[in-house]
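Below is one structure, written out as C-alpha cells; comments come after it.
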Amino acid sequence: MNIIARAAVYIYDGSAASPIFPAKPGKPTDEAGAYLSAVADKLESSDASRTTCVEPGSAQEELLRRFGYTPFGEAADALMRGMDESMQALEIPRAGFDMVIFSFDRDNDPHLCVAQLPYRRAMVHQIEMEGEAANTQLQEHGYVLPLSGSKAFSGFVVNLSTGDIRLRDTAVLTNVGNRMLFSEALFAMAQTRTTKESVQKVSEMIAQAAPPDMPEQELRPAVKRAMAKSIEEKGVIDVQDVAEEVFRSDPEREAIIEEVSRQMQEEAMEPVIPVENKRVMTQLAKLKIKTDNGISISLPRTLADDENSFAVVSNDDGTMSIIISRVQELKTE
C-alpha cells in the first residue's frame, strides 16, 4: 500500500539551474511510494540513527512547523530554499544527489521525511542496427539512485505532532571544516547518541560500577539478559531496571545502582533508551564468546541462560572450559 501522501524531489546535478524545483509536488506512483517508504524505514531503523529534535525557537523549527499550516509544496520549497542557502554559505558541493521531501501518516500522527539520495553515473549498452548487422557499445547514461536498503542514505524522519526526529547523518566538508550535514550544517539539532552508542555506554557504566571480583564473562551476559528482559517487558531499555536485575543478589546492590545513576547524570543520559531498530534487539538476544586461543562462539541467549545446556567452568590450573550439552547434530561449514 502506498502511504506517501505528497512527495517533492529536488535535483542537485551541479548545473547552474540546480537545485531544480519540482513544479507540482504530488502523490508518487506505487513503485516510487514503495521506494520512499523503504527509505524512511531505513532512516528510522538504522543502527546509525539517533533520536533528536531541532533546537526550540530556531529558524529550522519554524520551517518544519510550516508543514502543519501551509500547503505541502509551499512548505517543502521554503524548507529546501533554507537548506540550499546554508549549503551555499558553507560551500557544500551541490552535485551528485537528489533531496527528497515527503509526508505520510503513521499511528495517526503526520510524519515528514527529508532524505539525501546520492546517485552515480551508470554505463548502459546501446544497440544500433546497420542492415542485418548489429553494432553494440557502452555509453554513459543518466544516474542510478541507491537501492532502498542501502546504507548510503542520510536524512531524518520527524513526527510533526511531537517534534521527535530520527536522524541518520553524514559528514561533509564545509568552509569551516567537517560538519554533520543535517544536524550541524543545515539544522540546529540536539546532540544525542544512537541506540547502539547508548547501549554501549550503559554497558560500560555498569561494568565500572560492578564489584571488582565480578568476572567479565559473568557480567556481560548478565547485562545483555537484563537489557533484553527490559525490552520484552517495556519495549525500552530502562537503565535502573537493568542495574537492579544484574546486581539483584549483590549485598551492595543499592550502592551500585546509585553509582550507575550518578554516572548517567554526569553523561547527561536519559534513564530510558528507546529501541527503534530490530538489529539491536537481535544482538541482545545473542551471546558471543571469544577465547584467547581463537575460538569464537555465538549462541542464543535462551540457550546461554540454560545451565543444563551451556556452562563456563573454572579449572584447577586457572584455565576455563566451555561445556555445550544436549547437542543432537553438528555441522561443519
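Being a predicted model, the structure only gives us computed values, none of them experimental. Below, each value reflects all heavy atoms present in this structure, side chains not excepted, and no hydrogens, waters or symmetry copies.
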Check: Got a donor-acceptor contact below 3.5 angstrom from the Asp105 side chain to the Asn108 backbone?
Finding: no
Check: Just checking, any donor-acceptor pair under 3.5 angstrom between side chains of Gln137 and Gln139?
Finding: no
Checklist line | Lys/Arg N to Asp/Glu carboxylate O, Arg106 vs Asp41, below 4.0 Å | finding: yes
Margin query: Taking the six-membered ring for Trp, are Tyr10 and Phe21 closer than 6.0 Å centroid to centroid?
Written below: yes
Next item on the list: State whether Glu266 and Arg262 are salt-bridged, where the test is any N-O pair (Lys NZ or Arg NE/NH1/NH2 against Asp/Glu carboxylate O) under 4.0 Å.
Entry: yes
Next item on the list: Apply side-chain contact (heavy atoms from CB on, under 4.5 Å) to the pair Phe156 and Leu43, showing each step before the final yes or no.
Entry: CA-CA 6 Å; Phe156 61 88; Leu43 293 176; 5.9 Å; no
Margin query: For Phe182, is there any backbone N or O sitting under 3.5 Å from a side-chain donor or acceptor partner on Asp169?
Written below: yes
Notebook entry, point to check: Does Asn315 reach the main-chain N or O of Asp317 with its side chain, forming a donor-acceptor pair under 3.5 Å?
Noted result: no
Next item on the list: Count the heavy atoms of every other residue, nucleotide or ligand shown that sit under 6.0 Å from CD of Glu197, and state whether that count exceeds 12.
Entry: yes
Check: Between the main-chain N or O of Lys42 and the side-chain N or O of Ser46, is there a donor-acceptor pair closer than 3.5 Å?
Finding: no
Next item on the list: Test side chain to side chain donor-acceptor pair (under 3.5 Å) on Glu62 and Gln60 and set out the steps.
Entry: CA-CA 5 Å; Glu62 179 56 30; Gln60 293 87 0; over 6 Å; no
Checklist line | Test side chain to side chain donor-acceptor pair (under 3.5 Å) applied to Arg6 and Ser103, step by step | finding: CA-CA 5 Å; Arg6 294 286 185 274; Ser103 62; over 6 Å; no
Next item on the list: Say whether, by atom type as modelled, one donor and one acceptor occur between the side chain of Ser49 and the main chain of Ser45 under 3.5 angstrom.
Entry: no
Note to self: Tell me if a side-chain donor or acceptor on Ser58 pairs with a main-chain N or O of Ala188 at a distance below 3.5 Å.
What the structure shows: no
Margin query: Test your reading of the model: is there a side-chain donor-acceptor pair from Ser230 to the backbone of Val242, 3.5 Å cut-off?
Written below: no
Item checked: Short N-O contact, Arg168 and Glu44, less than 4.0 angstrom -> no
Notebook entry, point to check: Looking at Phe104 and Cys113, what are the two nearest heavy atoms and their distance?
Noted result: CE2-CB, 4.2 Å
Note to self: So does Ala89 get a backbone contact from the side chain of Asn175, meaning a donor-acceptor N/O pair under 3.5 Å?
What the structure shows: yes
Next item on the list: Could you go through the side chain to side chain donor-acceptor pair (under 3.5 Å) check for Gln208 and Glu204 one step at a time?
Entry: CA-CA 6 Å; Gln208 291 173 8; Glu204 293 173 359; 5.3 Å; no
Check: Does Asn159 use its side chain to pair, donor to acceptor, with the backbone of Ile165 at less than 3.5 Å?
Finding: no
Notebook entry, point to check: Under a 4.0 Å N-O cut-off, is there an ion pair linking Asp241 with Lys234?
Noted result: yes
Notebook entry, point to check: Judged by modelled atom types alone, do Arg166 and Thr51 share a side-chain donor-acceptor pair under 3.5 Å?
Noted result: yes
Check: Between Ile92 and Met99, is there a shared hydrophobic cluster once you connect ILVMFWY residues whose side-chain heavy atoms come closer than 4.5 Å?
Finding: yes
Note to self: Quick check on side chain to side chain donor-acceptor pair (under 3.5 Å): which of Glu267, Glu259, Gln265 does Gln263 satisfy it with?
What the structure shows: Glu259
Margin query: Less than 4.0 angstrom from a charged side-chain N to a carboxylate O is my criterion; do Glu245 and Arg225 meet it?
Written below: no
Note to self: Leu219 vs Val246, test: side-chain contact (heavy atoms from CB on, under 4.5 Å). Steps then yes/no.
What the structure shows: CA-CA 8 Å; Leu219 177 62; Val246 172; 3.9 Å; yes
Note to self: Whether the side chain of Asp107 engages the backbone of Asp109 through a donor-acceptor N/O pair (distance < 3.5 Å, no angle test) should be reported.
What the structure shows: no
